[in-house]
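Here the structure is a predicted model, which means the values were calculated and not measured.
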Amino acid sequence: MVEKKRRGQRSYTEEFKREAAQRVVASGEPVKVCARKLDIPPTTLDRWVKRFGKALAKPSTAGGGGSDAAALERRVAELEEENAFLGRMVDYLLGKIREPH
């Protein structure tokens, strides 16, 4: 399961990584909570969920892990910025058309 490498650095088996990622996907708990329960760094567990999560997730499962929600929130923010920019461009272009030359 866990082997010590260098000072403070641990090595995990592929099976443990996969099972830990499965736990996050199946439970729906945030990565941070599961990481605390498993006594591993949250960033490490998040990496495993990204690596194994897609293969572990069932297509019919609604509301996956916390990382999916964060990715969707980032995408929404990007689209809102793009929409605001396009709105300003439309206003600018319509203003140019209405102005006499």
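- Take Glu78 and apply the side-chain contact (heavy atoms from CB on, under 4.5 Å) test, not counting sequence neighbours, and it matches Arg75.
- Contact check on Lys17 versus Glu14 returns a salt bridge, with a Lys/Arg side-chain nitrogen under 4.0 Å from an Asp/Glu carboxylate oxygen.
- In terms of modelled atom types and a separation under 3.5 Å, the side chain of Ser27 and the main chain of Arg23 share a donor-acceptor contact.
- Counting only residues at least two apart or in different chains, salt bridge (Lys or Arg N to Asp or Glu O under 4.0 Å) contacts with residues 37-47 comprise Arg10-Asp39, Glu29-Lys37, Asp46-Lys50.
- Between Leu45 and Ala20, the shortest heavy-atom contact is CD1-CB, 3.7 Å.
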Could you walk me through whether Val24 and Trp48 pass side-chain contact (heavy atoms from CB on, under 4.5 Å), step by step?
CA-CA 10 Å; Val24 173; Trp48 298 343; over 6 Å; no
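- For the atom pair CZ (Phe16) and CD1 (Ile40), the distance works out to 5.0 Å, reported to the nearest 0.5 Å.
- Under the 4.5 angstrom side-chain criterion for Ile, Leu, Val, Met, Phe, Trp and Tyr, the cluster partners of Phe85 are Leu86, Met89.
- In this view, Arg36 satisfies the salt bridge (charged side-chain N to carboxylate O under 4.0 Å, His left out) rule with no residue, not counting sequence neighbours.
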